[in-house]
Each structure stands twice: as C-alpha cells, then as structure tokens.
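Proteins get letters first, then strands, A, B, ... in listed order; numbering begins at 1 in each. Any value given below was found using the heavy atoms of this structure, including those in side chains, with hydrogens, waters and symmetry copies removed. It should be emphasised that the depicted structure is a prediction, and the values quoted were computed from it without experimental measurement.
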Protein chains: 2
Amino acid sequence: MNVHSDGEAEKSMAKLEKRDEIVRAALELIAEHGFHGAPMAMIAEKAGVGAGTIYRYFENKDVLINELYRDLEERLCAVLMEGYSSEQPVRERFIHLGTAILRYCISNPLDFRFLEQFHNSPYGVVHRRDKLFGKTDQKDVYRELFEEGLVQHVVKQLPMVVLFALAFGPLITVARDHILGFVVLDEALIGQAIAACWDGLKR
Amino acid sequence: MNVHSDGEAEKSMAKLEKRDEIVRAALELIAEHGFHGAPMAMIAEKAGVGAGTIYRYFENKDVLINELYRDLEERLCAVLMEGYSSEQPVRERFIHLGTAILRYCISNPLDFRFLEQFHNSPYGVVHRRDKLFGKTDQKDVYRELFEEGLVQHVVKQLPMVVLFALAFGPLITVARDHILGFVVLDEALIGQAIAACWDGLKR
DNA sequence: ACCATCAGAATGAACGTTCATTCCTTTTAG
DNA sequence: CTAAAAGGAATGAACGTTCATTCTGATGGT
C-alpha cells in the first residue's frame, strides 16, 4: 500500500499510525477532561476515524485505556533507565531517578495527568495490587534501589511501601502543582525538592 | 400513629436525620465505588428514601457532593485543631498535625477515600485553586506553621507549595496504602513516617 | 371526640440525555 | 471482483432529574 509514500497526510494512515492516532486522541481527552469527558465518539472525532473503527483496534474502552496505560508506562520506564547505572551509590541513583521522573512529568503534562486519572480509578487499584505481588516494572528499579539502601544502612529502616511514599509522594504532588500552575518548577527547584526527599529517606 | 415520639426506628425520621442519611449513603457509596458507582437511585435506596426525595434536600448531585465535602472538611479541621497550640515549637506542632491527620484517615477510611476522589475530580481542582488564593481553612494552619518555620530558619527555604508537597505527599500516600491494605500502620510506624517527613522539611 | 380539609413532604415511574457498542453500508486495496 | 477495513446511524442501557400522585399529620368546625 501507499505506493507513493508521501503526501496524503489526511487519508490512508498505515494501520499502526491509525492505532496511534486513536491512542493519542484518548490520551489528550482523558488527560484534559477526565475519564468521563472522553466519550468514544469524541475520541473517534479527534483521531479522525469513525466511531466504529476504534473497535477494530480495541475490543472495548477498557482495553483501549489499559493499552494506553501500558504504552505510557513503557515510555516512562525507558526515560527513567536512560543513563541509569546500578554501579553508582544509592543516593546518586535516587537523584537520577527522581530528576528523570520530575522532568518527564513536566515536559509531558498530558501523560502525567492521564497517569494520575488512571491511578485514581478502579483500574488503578487493581493494577497496583497486582504489581505489589507480581510483575516486573518501573517500581522494581526503585524496589531494588531501596533494598540496597536498606542493607547498606543508608536509608531508614522502614517498610518498602513507606519508603515509596516518602520518595514518590512529594514528587507526584509537586509535579501536579506545577502542571496545575500552582508553582513553577525550574531546574534549581527540582534539584532542591529531590534533595529534600532524600533527606526524608536517608538514615 | 406515633403519638409518643420514641420507637419506630424505621419510619418517620426527623428532617435533619433524613438529610444526614442521604449524606451518609452518598459518602459510603462514593468512597467505596467512586463517583460513578454511586447513582442517585442507589444513594436513595441506601438512605432509605425515594429517589425524588433527595432533591428536596439538595438541588442536584453536584450540590450534594459539595455539601458532603464541606461536612467532612469541617470534621477533619476540628480533629486537627484538637489539642493544637501555637505556643509549641514548630517541629512539635508539625508532628501533632501530622499524627492527627494520619490517625483520622486511618480510623475514618470512608472519609479519606471520599476526600481523595473529590480532590481528583473537576470539583477538587477548582476548590484547590480557590483555596490557594482565597479562603480560610485547614491549610491555613499549615501555611501559618510553615511561614513561622521559614522565618525561624527551621524549615528549608522553599516555596510554600513545595513545603506542602513534602509534608502532605508522603502522608496521603501512606494513608492510602494503609487503607488499601498494602501496609499496616501502627502507632510506631505513624511516628516514624511523620518524623521522616520532618527530616525532609527541616533545614 | 370525630372527621373533613389541607399543606407540604415523600414517592417512584417516566422522561430526555448521554454513552458504549453494534451492525449494516460504503469505500478501499489487491 | 472480492474481501477486508472504515464509517456512522441505530440501538439499548444507564443515568440525573422531574412531576403528577400519594401519604401523613395538623387544624378547625361540628
């Protein structure tokens, strides 16, 4: 298909392009207007496809949303691991990850807003429960890091979940505040915020 | 019937009782199943009133939800201020407030879950925006506290919003994890978690 | 003491709207 | 020409809200 590959921006997207358009449209609408401000018909319109077409790519809305979530998780994970080295000391690694997360959220506000919506929804709780007992993921990098911090006695002797809370809680909160316009995070502030988180964590 | 006012637990609630039943039912359903697992018909059933009756007490669902929020905010605020004294040092006051919040969330999981839902919704953002620029509320206690901490040079020189994030972020996260059953917070852990938050905050 | 009348509280079936999903038609690619 | 893909109107379920009706308890006339 597409014997002449250029031109034709509107019509005839390749199959993957179309799937991506749908996913992107869903991301934008859900991030901006919440799960319930994103009806399938509107997603279809924004993606430039018919309403029924979505169902050729996704069994139903739940599946679409879950696949979108997986996509984002994967992207975020990739960003986090970029330049990450298990050789460095625990503190440096924590700061690397924290900075990467914060930068990512700030430069991809739509992703961040969607992830927040997702986590505060029936989907999110199920997903989280699974994660704490099963799969491999972003959090495993953190889990590894904190476990190492524990045996080296550089972080406080607290349950893993509490360490997560001390590390993520402020980062997520501050990212949300930045995106909602309640504060402007520049590089200096990002550094200070993450250093403060480390102060909470360190023994 | 009912010549004598006692007995008859089922029938004939006083007007305020009925309002409270509706609010309580809404709280339970929204806390447990989210905003969208709480249709008016179900709230009515749980409250033991007819669907139309709700509209004699609340103009519409939005109003019901906002009044519920105000009720909870008021209760929480009262709990926070119980035994609070502006005379004590900043650190002690922070620990008092943190402990009170955490204890409240743990012993009132429905309230906590509802408040979380509320904050992650169109309602919540509007409300927050208003707060940062206008009204008197719970957060003002914190604001006062942090401002005093700043001038006394006992907390880090950071924007108010970032201080909020460092203080609340972990507390909320850890409360959520407790309620979802990912960790069991006892008094010892509560104390350690709050102390860790303070480590993040203090200069 | 009795009952007729009445006000307003309560009710829940019915309505209109919104939405996810389906299904049949049209378009496109090979 | 055929089969797959795309389209979008039709469908039916779920929801918030309304409103004509019923219920209840108080009032006052006899």
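- Ranking dA5(D), dG7(D), dG8(C) by closeness to the R56(A) side chain, first place goes to dA5(D).
- Using bins of under 30°, 30° to 60° and over 60° for the plane-to-plane angle, the ring pair F94(A)/W198(A) lands in the tilted bin.
- Atom-to-atom, CD of E45(A) to P of dG7(D) comes out at 13 Å; the value is rounded to the nearest Å.
- Of the candidates dA6(D), dA20(C), dG12(C), dA20(C) carries the atom nearest the P39(A) side chain, counting heavy atoms from C-beta on.
- The side chain of Y57(A) has dA6(D) as its nearest neighbour among dA6(D), dA20(C), dG16(D).
- Where M42(A) and A51(A) each meet DNA chain C at their nearest nucleotide, the meeting point lying more 5' is that of M42(A).
- With rounding to whole Å, Y55(B) atom OH is found 18 Å from dA20(D) atom C1'.
- Counting only heavy atoms from C-beta outward, the side chains of I65(A) and I30(A) approach each other to under 4.5 Å.
- Atom CD of E17(B) is separated from atom P of dA9(C) by 17 Å (rounded to the nearest Å).
- When the side-chain nitrogen and oxygen atoms of K18(A) are compared with OP1 and OP2 of dA5(D), none of them lie within a distance under 4.0 Å.
- Summarising the geometry, the separation between NE2 on H36(B) and P on dT18(C) is reported as 16 Å, rounded to the nearest angstrom.
- For M40(A) and dA10(D), the CE to C1' distance is 17 Å, given to the nearest whole Å.
- E59(B) places its CD atom 9 Å from the P atom of dT17(D), with the value rounded to the nearest Å.
- Rounding to whole angstrom units, CD1 of residue I54(A) and C1' of dC19(C) are separated by 12 Å.
- The distance from atom NE2 of H33(A) to atom C1' of dT18(C) is 17 Å, rounded to the nearest whole Å.
- At the heavy-atom level, F58(A) lies nowhere under 4.0 Å from the strands shown.
- Between H127(A) and Y69(A), the ring planes are perpendicular. Angles over 60° get that label, and only those under 30° would be called parallel.
- Distance from the side chain of T53(A) is smallest for dA6(D) among the nucleotides dT17(D), dA6(D), dA10(C).
- Below 30°, between 30° and 60°, or above 60°: for Y123(A) and F35(A) the angle between ring planes is between 30° and 60°, a tilted geometry.
- The shortest heavy-atom contact between L102(B) and I190(B) is CD2-CG2, 3.8 Å.
- For the pair K61(B) and dT17(D), the criterion of a side-chain N or O lying under 4.0 Å from OP1 or OP2 is not met.
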